[in-house]
Amino acid sequence: MMPEAKSLSVNGPGSTNGAGEHREEGFSASEQAPVVSAYRPRYAHIVGWGYHVPSKVITNHDLEQIVDTSDEWIRSRTGIAERRVAADPKETSATLGAAAARKALEIADVPASKVDLVICATTTPEHLFPATACLIQDMLGAHHAGAFDLSAACSGFVYGLAMARGHILAGDAEYVLVIGTETLSRIVDWTDRETCILFGDGAGAVLVAASEVPGGIMAVDLGSDGSGGGNLILPAGGSAMPASLETVSSGQHYIKMDGKAVFRFATRVMAASTRKVLERAGYTTEDIDLVVPHQANIRIIQNSVLNQLKIPAEKVFVNLEKYGNTSTASIPIALCEAIEAGKLKPGDKVVFVGFGAGLTWASCAIDWRTPVEKPEANWWKNTRRQATYSAAAARSMWRRAVRWVYEVLPDPEAPGRGEGHREKEPAETPMREPASERVKDKP
């Protein structure tokens with residue numbers, strides 16, 4: 001657990017009265033010099049992490065039964081062997097994200113009530129609105145937290161870290177939950193072998209905390225090129241192409257991708273963004289202990305991180321084979337598995353880098369300071385934690401019930417609701433003659 005940042009005041013010599021007011025010797029209260037707040041630097045550290053994936057596995061051999069493809073073809077071109085799919089209708093982006101967030105809070109040993117902000121990066125939200133982040137906030141019982149969704153496609157998680165860092169450094173938040181969650185299987189055309197082989201479902205989350213300990217998220221690089229927006233797109237469902245019989249029948253609610261264009265873009269920006277963020281953080285590629293790239297395609301990772309940046313393969317964590325491209329969830333899931341595999345320790349320099357639809361790209365450099373040993377199981381803490389989530393569910397149900405009651409009961413402030421008042425039937429409004437008829441009657 002990282003210590004929280006706290007503000008201090010510099011009062012100088014003198015005394016303090018019982019009310020806590022500082023008095024300089026030899027000066028009256030009106031002559032007092034203004035109290036100056038000392039600057040204490042703040043840093044944004046990742047102190048908790050967790051991920052959750054559906055239990056349903058679809059292998060390349062399963063896909064051979066659906067589309068014209070093969071295990072060898074998929075592996076050689078993407079590096080993917082299997083992916084997870086949310087087969088249960090009750091599994092949604094919100095439920096997956098909430099499960100990952102609970103694990104991150106458990107690792108950090110921080111209750112949801114202390115979270116100040118929930119940022120959910122997703123390309124498959126529960127609804128266009130309300131925000132999926134709000135639904136997760138309700139599930140967690142983070143009743144002091146603001147919440148919003150962030151749409152930057154596969155770059156979204158790193159964008160979310162940048163937003164969390166900004167809020168913390170500005171002093172607006174102490175704890176920020178950043179979640180990447182996806183159910184891409186529900187917007188994939190399972191008859192299109194160019195896309196259905198790539199994507200999977202899952203969620204990952206981190207808790208970012210304010211601290212006075214130097215380190216944490218040291219630098220970020222965010223970028224976009226909207227001229228390439230059509231290269232990776234979900235055409236229908238927005239204001240440009242609202243849902244209709246035609247959009248549904250023509251498959252416009254499925255992912256459309258120009259694979260070659262995205263490949264060229266990704267291999268260029270992944271390397272360029274990594275170089276830029278390392279320069280901002282004052283690091284070189286030799287300083288880096290671990291790179292966690294967006295898990296989209298093994299050839300993209302090889303061409304950009306390994307070949308262009310000359311970072312050895314043992315410093316690049318890849319779990320693409322098991323999950324496929326989980327978009328915003330890919331980096332946090334890979335981070336969690338890298339920690340489980342012993343690839344990360346305090347003092348390491350880490351880079352997250354990704355790209356996505358938009359077109360967007362993002363990277364961040366981290367001076368990792370948080371211990372990575374999993375806390376020992378504590379039945380009392382676990383019981384108390386589960387009780388808080390049950391209480392959150394009960395609180396949510398109660399608030400829904402109260403809203404329902406307000407809808408059913410008559411509004412006491414409505415006109416004509418006074419005591420003894422008898423409602424009158426509305427008077428019949430005489431019909432007015434059309435303007436054309438009135439004109440005819442005039443001399």
Side-chain angles (χ1 to χ4, degrees), residues 78 80 83 93 97 119-128 131-133 148-163 178-189 192 194-204 220-241 243 247 251-273 293-297 299-301 304 320 323-334 352-364:
T78 68
I80 301 170
R83 67 285 296 148
S93 294
I119 302 173
C120 180
T122 181
T123 53
T124 51
E126 299 276 289
H127 316 282
L128 287 178
T132 301
F148 67 88
D149 283 0
L150 191 156
S151 179
C154 304
S155 307
F157 178 76
V158 182
Y159 267 74
L161 289 179
M163 299 301 102
V178 182
I179 303 163
T181 181
E182 302 289 1
T183 46
L184 293 162
S185 62
R186 294 173 184 171
I187 60 170
V188 165
D189 183 354
D192 176 15
E194 298 298 322
T195 56
C196 75
I197 65 172
L198 299 174
F199 298 102
D201 301 337
V220 297
D221 175 57
L222 309 178
S224 65
D225 179 8
S227 67
N231 292 334
L232 184 53
I233 187 172
L234 188 72
S239 60
M241 194 182 293
T247 63
Q252 297 303 303
H253 296 270
Y254 294 134
I255 296 172
K256 308 294 182 184
M257 182 177 70
D258 182 340
K260 291 182 180 179
V262 172
F263 184 91
R264 290 192 299 269
F265 160 77
T267 52
R268 175 175 56 83
V269 299
M270 289 266 282
S273 185
H294 169 45
Q295 310 288 309
N297 184 305
R299 293 190 299 155
I300 292 175
I301 296 172
S304 58
L320 181 68
Y323 303 113
N325 182 349
T326 55
S327 188
T328 62
S330 77
I331 289 178
I333 291 175
F352 299 159
V353 58
F355 66 93
L359 296 165
T360 62
W361 61 89
S363 60
C364 67

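Source: prediction; values computed, not measured.
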Legend entry - Any donor-acceptor N or O pair under 3.5 Å, side chains T181, T122: no
Legend entry - Contact summary for A162 and L222, nearest pair of heavy atoms: CB-CD1, 4.0 Å
Legend entry - Side-chain donor/acceptor of R83 to backbone N/O of I197, under 3.5 Å: yes
Legend entry - Close side-chain approach of D201 and L184, heavy atoms under 4.5 Å: yes
Legend entry - Contacts of type side-chain contact (heavy atoms from CB on, under 4.5 Å), residue H127, not counting sequence neighbours: P130, L135
Inset, instruction - Check for a donor-acceptor pair, side chain of T360 on one end and backbone N or O of A152 on the other, with a separation under 3.5 Å. - result: yes
Legend entry - D225 vs W361 side-chain heavy atoms within contact, under 4.5 Å: yes
Legend entry - P125 backbone acceptor or donor facing T132 side chain under 3.5 Å: no
Legend entry - Distance in Å, R264 CZ paired with N231 CG, rounded so as to fall on 0.5 Å steps: 8.5 Å
Legend entry - Side chains of D189 and I255 in contact at under 4.5 Å (non-hydrogen atoms): no
Inset, instruction - Compare all side-chain heavy atoms of L161 with those of V220 and state whether any distance is below 4.5 angstrom. - result: no
Legend entry - For S93 against T124, the heavy-atom pair lying closest together: OG-O, 2.6 Å
Inset, instruction - State, yes or no, whether a side-chain contact exists between M163 and L150 at a heavy-atom distance under 4.5 Å. - result: yes
Legend entry - Other residues, nucleotides, ligands: >12 heavy atoms within 6.0 Å of F263 CZ: yes
Inset, instruction - Side-chain contact test, heavy atoms from C-beta onward, threshold under 4.5 Å: evaluate it for Y254 versus D192 and give yes or no. - result: no
Legend entry - Approximate separation, where rounding is to 0.5 Å, of F199 CZ and S330 OG: 11.0 Å
Legend entry - Gap separating the OG atom of S155 from the CD1 atom of I331, nearest 0.5 angstrom: 8.0 Å
Inset, instruction - Find the distance between OG1 (T78) and CG (N325) and round it off to the nearest 0.5 Å. - result: 10.0 Å
Inset, instruction - Quick one: pull up NE2 in H294 and CG in L320 and give me the separation to the nearest 0.5 Å. - result: 9.0 Å
Inset, instruction - Carefully, step by step, assess T328 and E182 under the rule side-chain hydrogen bond (donor to acceptor under 3.5 Å, both in side chains). - result: CA-CA 7 Å; T328 62; E182 302 289 1; 2.8 Å; yes
Inset, instruction - Go through the steps for V262 and F355 under the test side-chain contact (heavy atoms from CB on, under 4.5 Å), then give the verdict. - result: CA-CA 9 Å; V262 172; F355 66 93; 3.9 Å; yes
Legend entry - Atom pair NE2/CG of H253 and L234 - distance to nearest 0.5 Å: 8.0 Å
Inset, instruction - Compare every heavy atom of S327 with every heavy atom of C154, then report the nearest pair and how far apart it is. - result: SG-OG, 3.3 Å
Legend entry - For the student: nearest non-hydrogen atoms of A329 and G202, plus distance: CB-O, 3.4 Å
Inset, instruction - Taking T247 for its side chain and Q252 for its backbone only, find out whether a donor-acceptor pair lies under 3.5 Å. - result: no
Inset, instruction - Compare every heavy atom of T123 with every heavy atom of A153, then report the nearest pair and how far apart it is. - result: CA-CG2, 3.2 Å
Inset, instruction - Could you verify whether a donor N or O on one side chain and an acceptor N or O on the other, from Q295 and T326, lie under 3.5 Å apart? - result: no
Legend entry - Considering all heavy atoms, the nearest A133-D149 contact: N-OD1, 2.8 Å
Inset, instruction - Could you tell me whether the side chain of K256 and the main chain of G230 form a donor-acceptor pair under 3.5 Å? - result: no
